[in-house]
Amino acid sequence: MPSPLLLRTACIGLVAVFLTGHAWAEPYTPSARDDVIEVLPETDPAVSDQIQLLQQRLEQSPQSVAVASALASQYIDLARQTGDPRYYGYAQAALRPWWAQTEPPTEILLLRARLLQTRHAFDQARSDLQQVLERDPRHAQAWLELAAIERVTGALENARKACAALLTLADTLISGTCLADIASLTGKAEGAYATLDRLLMSAGPEAAPHLRRWALTIQGEIAWRLGQDALALQALDAALALAEAQQEFDGYLLGLWSDFMLAHGQPQRVRKRLQRYRDSDALLLRYVIASKRMMAADTAQLAAELRRRFEASQRRGDTVHRREQARFALDVEEQPDEALWLAQHNWAVQKEPADLLLLLRAALAFNPAAAAPARLHLQATGLEDVRAQRLLKRLDQLDAAA
């Protein structure tokens, strides 16, 4: 059975990007082999043992697709569990013999598409998944991951078709949640929320926790966009309870819950919950925003740490996740001109509701005319979002006063 959490792969990448205008730091070269550069997050010893075993097997059989795929999968899972993007690089290294091939084995295509998504190479990832589906039109995982790409890039009709393909291939909770999610973005939010209610009730508590968590997360998002904040919090809290019961890290869910709390004036709850997740750049961003709003003593130190991570990403050549970069410029550094530039470049790549809100906020802060693409998207899709409507009202008031 495919993992529906991959629908969020493109949305929860944790590699940050450089903020234009900040100076590059000089690279540090250790003076001795045993110098400690950084202490990585602790991992399950069983997982580490499994990775070491797979590494040894790959050294013995470097052309083994099965071993390389297993090792890459372990690294991808570890990246999601820890929020540390470096494991994605290790996963790509495991696939090196096939990485540049135009027609690698199906297992490699799927893993390569997954890794390409994490760095927003959506066209290449889409091409790999389409190749998988040409070989096997009933490959449920490929359809699910294709739906993720089409959703995040704003090709919602294509996303709906990919979800519809799952109706005969996957569990009803998977296909139904996928379809409800897309429906909620195209003017059918209330019906989508009700559909998720029915799906969750029908599946019952015995349904796989990660499936229920996925459905509840989407339900929380829909309720928030509809202005049903009590229902949104109820769904998000239920999803978090499932994640914590399974001791699973869900960066997307934690970020969404944090955004909800920040929007409702509760930064202290964000700091408390995210205290142990600051290895994730995306969650450190929320932690820094919460700290600034609380006027915490460590705000400047935390902001400097996040800025260093952005600079390190630039040195690696990363050009992804401008959403977080733009929020840092807007909400932490108070540089609305840079925030708008970043939000516009982010919008050129991904078009989820969070990206739309960011573009509207940055336009409101610096140049109201820059909101035009967001307005067009709302008209074209029928997206219902009370948060966007409030921002548009403020933009219209500025236009009227000009």
Side-chain angles (χ1 to χ4, degrees), residues 4-12 143-167 170-203 207 210-239 250 252-253 255-257 259-260 263 323 347 350-360 374-392:
L5 296 180
L6 289 172
L7 188 58
R8 294 299 184 187
T9 299
C11 313
I12 62 172
W143 281 116
L144 188 60
E145 297 194 32
L146 182 60
I149 293 173
E150 305 294 13
R151 179 194 190 279
V152 78
T153 57
L156 298 179
E157 178 56 23
N158 289 343
R160 187 196 64 78
K161 291 177 181 177
C163 291
L166 293 167
L167 286 169
D171 183 280
T172 301
L173 188 54
I174 296 175
S175 58
T177 299
C178 189
L179 285 165
D181 184 24
I182 303 306
S184 77
L185 301 174
T186 53
K188 303 169 185 173
E190 290 187 3
Y193 183 92
T195 294
L196 287 167
D197 252 354
R198 291 193 295 271
L199 287 168
L200 286 163
M201 186 175 298
S202 177
H210 65 281
L211 296 184
R212 290 184 60 82
R213 185 170 83 235
W214 180 43
L216 284 164
T217 300
I218 291 174
Q219 194 174 44
E221 287 185 284
I222 295 171
W224 191 10
R225 293 199 300 268
L226 287 172
Q228 300 291 333
D229 291 355
L231 292 177
L233 183 57
Q234 177 181 316
L236 296 179
D237 280 344
D250 190 331
Y252 183 87
L253 174 58
L256 178 63
W257 177 88
D259 289 342
F260 183 89
R323 180 195 296 174
W347 183 256
Q350 55 181 24
K351 296 177 173 61
E352 294 190 283
D355 305 300
L356 182 138
L357 293 175
L358 181 59
L359 181 58
L360 289 174
R375 292 181 186 272
L376 290 173
H377 182 81
L378 285 164
Q379 294 169 3
T381 62
L383 174 67
E384 303 151 285
D385 194 327
V386 297
R387 303 164 302 175
Q389 293 305 321
R390 284 194 289 265
L391 289 167
L392 287 173

Inset, instruction - Starting at CG of L360, measure out to CH2 of W347 and round the result to the nearest 0.5 Å. - result: 8.0 Å

Inset, instruction - Check L356 against A374 and note the closest heavy-atom contact, atom names and distance. - result: CD1-O, 3.7 Å

Legend entry - Shortest non-hydrogen separation from L256 to E221 and the atoms involved: CD2-CG, 3.2 Å

Legend entry - Side-chain touch Y193/Q228, heavy atoms, less than 4.5 angstrom: no

Inset, instruction - Working to the nearest 0.5 Å, report the span between CD of E384 and CG of L378. - result: 10.5 Å

Legend entry - Pairing residues for A180 by the side-chain contact (heavy atoms from CB on, under 4.5 Å) criterion, not counting sequence neighbours: A192, T195, L196

Legend entry - D181 side chain vs C178 backbone, donor-acceptor pair below 3.5 Å: no

Legend entry - Closest contact, heavy atoms only, A215 versus L200: CB-CD2, 3.8 Å

Inset, instruction - Compare all side-chain heavy atoms of R225 with those of L383 and state whether any distance is below 4.5 angstrom. - result: yes

Inset, instruction - List in chain and number order the residues that pass side-chain contact (heavy atoms from CB on, under 4.5 Å) with E150, two or more places apart in sequence or in another chain; answer none if no residue qualifies. - result: R126, L146, T153, A155, N158, A159

Legend entry - pair L233-W257: side-chain heavy atoms closer than 4.5 Å: yes

Inset, instruction - Kindly give the heavy-atom pair with the smallest separation between L179 and A164, and that separation in Å. - result: CD2-N, 3.8 Å

Inset, instruction - Kindly write out the residues that satisfy salt bridge (charged side-chain N to carboxylate O under 4.0 Å, His left out) with R198, not counting sequence neighbours, or none if the list is empty. - result: none

Inset, instruction - Could you tell me whether a side-chain N or O of S202 sits under 3.5 Å from a main-chain N or O of L199, the two making a donor and an acceptor? - result: no

Inset, instruction - State, with a plain yes or no, whether a side-chain heavy atom of D259 is found less than 4.5 Å away from one of W224. - result: yes

Legend entry - Contacts of E157 that satisfy side-chain contact (heavy atoms from CB on, under 4.5 Å) - sequence neighbours left out: R160, K161

Inset, instruction - Name all residues meeting the side chain to side chain donor-acceptor pair (under 3.5 Å) criterion together with R387; count only those two or more places apart in sequence or in a different chain, and write none if there are none. - result: D385

Legend entry - Reported CD1-to-CD distance for the pair I222 and E190, which is rounded to 0.5 angstrom: 11.0 Å

Legend entry - Any donor-acceptor pair under 3.5 Å from T177 side chain to I174 backbone: no

Inset, instruction - Look up atom CG in L392 and atom CZ in R375, then write down how far apart they are to the nearest 0.5 Å. - result: 5.0 Å

Legend entry - Atom pair CZ/CD1 of R151 and I182 - distance to nearest 0.5 Å: 6.0 Å

Inset, instruction - Work out which heavy atom in A232 is nearest to a heavy atom in G220; give both atom names and the distance. - result: CB-O, 3.4 Å

Inset, instruction - Could you list the residues that satisfy side-chain contact (heavy atoms from CB on, under 4.5 Å) with A239, not counting sequence neighbours? - result: R213, L216, T217, L253

Legend entry - Beyond-backbone contact of K351 with T381, side-chain heavy atoms, under 4.5 angstrom: no

Legend entry - Sub-4.5 Å side-chain heavy-atom contact between D197 and Q219: yes

